[in-house]
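Written below as structure tokens is the structure these notes are about.
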Amino acid sequence: MERSSSSSSNVEKVPPGGTVAGSLTLTGGKKPLKLTALKVDIVSVLVQSKEGSSLPSIDIKVLSSNIVAQDRDLAPGSLNKFEFRYKIPEDAKPDATYKIVASADIPGVKDPSAEAPLTVLGGGRGLFGAVKSMLGGGDSEDDVLSRFPGLTSREDDELENALHELQCEAYDRDNNFTGIHKFLLKLVETHREDSVRRQALAAWGTVLDNRAKPEHIKALEALAGRDLPSYLMEEVVSVAAKFAEEGALPLVQQLARHPAPEVRARLATALYLDADHDLQGRRELILQLCQDGDVSVRANAFGATASLVEQLDVMQWVAAWAAQNPSPEVQAQCLSAIALAHNYGGADLVFDTYLQHAQGNPSADVRKEITERLHWLPADPRLTQLVTTLLSDRSSEVRRSMAWQGCNMEEHPELGQLFVHTAVNDPDDAVRADALRGIDKFMPLPEAVQFLRQRLAADRNEKAFWAALNAVEGHMPAREAQALLQEIARGPFSSAGERAREVLAGE
């Protein structure tokens, strides 16, 4: 079976205490697949000389580990995009090396993964957006083609891979690939394959990001003025947001009034993920789009207000809209946007708003959105109240989503018994299984394995076996983890058994 592939994008420089945002694209294989979980880790590696030793000390830390998607069907050849955002700790050391690592758990497939570099700036939050690498004398077209030989390939897959590699390398602002811009634009104009044209335009925008000149902006304006296929217009909007600070702001303002709602919706997201956060007028454009006549535009725009999370007045306004707007889609985006406001004096706002909607919102989708944000909140009696409420929700889908979030709750041992109770007593076997997945976060591994054995004896279904496997595979090669995986490998469910054998073999 063909592996799915995962890629990350929109990764940028951030200061300590800042927020990194991006997106992942998971590509389907040749036949239908099931995504069990998609995880994103932010990892730091600090190498320091050690007194009295010729070998350095190497300190590797996972700063953030979160599940961003779960239980999704992947259609053959489909492109499945997932967005993420995480806060970088205030004490992050600029002299460490950072990367974002994404991994997907897909039964029956060797798990795909991808990573991208992340730069943490020195000097604190005030430098966000202020450090611009404007290096002159970029690599020539020939130099870039020599470095990425796949760019001249006649095989579309090889060409797309080379374009993706070029784009990833271009996120490192020490790399100046501006000499390739004409070559990339020619691919956009002339290549026969839609996917190549889109990837070439995305690479063009990233290569020229923070380096765009009037002629580049003029070329972009010409593209925007044509009747482009939707997939290319989406990239034009993203590139316009990237170039806004270099002179494309008038184009961005025009796009905010574009007659096609899908273009305006895309712009709202691009103002969040692609535009410089210090761009003058960005806040006003986002808030303008929040009041758009189209619900999808409003939803994307309220999602983009997450980039204004430090502005408590905006977060209060967003929370009020969550109560006023009749669209569940808009409500969910509002609740998502305010999730990190507790870091900036908005703890009462977040807890009160979440409790209001957890207890009274009629939409299961909105209540489910809350479950996916709670792991960011600090320990508080109101957090316990929220988790209790959502684990007893009338919708099994909401309970299941909350149960799954135990995987992300290791900083909240006070919640452990709530997940244990759910794993034993929920009437839905899928909810009970998902509560097992994070049970190792609330008790020492030997106790967790003992509890998992008890549950597998009581719940002899495939969901429970997969959940137990997911709970212990990260603890390899611990003796207790090996023992339980061996039992799962001998168990009655072939797919879980096969995966257990792969983990035991170190694959």
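Predicted model, so just to flag it, every value in this text is computed and none were measured. Start at 1 with the first residue, then count along the sequence.
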Within the side chain of [X], is there an N or O that forms a donor-acceptor pair under 3.5 Å with the backbone of [Y]?
X: Q482; Y: P477; answer: yes
X: R437; Y: G406; answer: no
X: Y354; Y: L383; answer: no
X: T353; Y: V350; answer: no
X: H475; Y: E480; answer: no
X: S401; Y: E397; answer: no
X: T388; Y: T384; answer: yes
X: H342; Y: W376; answer: yes
X: N425; Y: H421; answer: yes
X: H277; Y: Y272; answer: yes

Checking side-chain polar atoms at under 3.5 Å, does [X] have a donor or acceptor matched by the opposite partner on [Y]?
X: T371; Y: W404; answer: no
X: N361; Y: S363; answer: no
X: T206; Y: Q167; answer: yes
X: E262; Y: S230; answer: no

Residues V503, M476; criterion side-chain contact (heavy atoms from CB on, under 4.5 Å); working and verdict
CA-CA 8 Å; V503 175; M476 285 290 287; 3.8 Å; yes

Enter the distance from [X]:[atom1] to [Y]:[atom2] here, rounded to the nearest 0.5 Å.
X: F419; Y: D434; atom1: CZ; atom2: CG; result: 11.0 Å
X: H357; Y: L335; atom1: NE2; atom2: CG; result: 5.0 Å
X: L456; Y: N461; atom1: CG; atom2: CG; result: 9.0 Å
X: E487; Y: R453; atom1: CD; atom2: CZ; result: 4.0 Å
X: Y344; Y: L312; atom1: OH; atom2: CG; result: 12.0 Å
X: L279; Y: K242; atom1: CG; atom2: NZ; result: 14.5 Å

Give a yes or no on whether a salt bridge exists between [X] and [Y], defined as a side-chain N under 4.0 angstrom from a carboxylate O.
X: R282; Y: D276; answer: no
X: D292; Y: R264; answer: yes
X: R501; Y: E498; answer: no

Write down the atom of A240, the atom of L255, and the distance for their closest heavy-atom approach.
CB-CD1, 3.9 Å

Between R432 and D459, is the salt bridge (charged side-chain N to carboxylate O under 4.0 Å, His left out) condition met? List the steps.
CA-CA 9 Å; R432 294 196 303 275; D459 274 339; 2.8 Å; yes

With side-chain contact (heavy atoms from CB on, under 4.5 Å) as the test, would you mind laying out the steps for M443 and V420 before giving the verdict?
CA-CA 10 Å; M443 57 184 75; V420 169; 3.9 Å; yes

Verify side-chain contact (heavy atoms from CB on, under 4.5 Å) between N325 and C334, making sure each step is shown before the conclusion.
CA-CA 10 Å; N325 196 286; C334 289; over 6 Å; no

So does E411 have more than 12 non-hydrogen atoms from other groups sitting under 6.0 Å from CD?
no

Are more than 12 heavy atoms, taken from residues, nucleotides or ligands other than Q417, located less than 6.0 Å from that residue's CD atom?
no

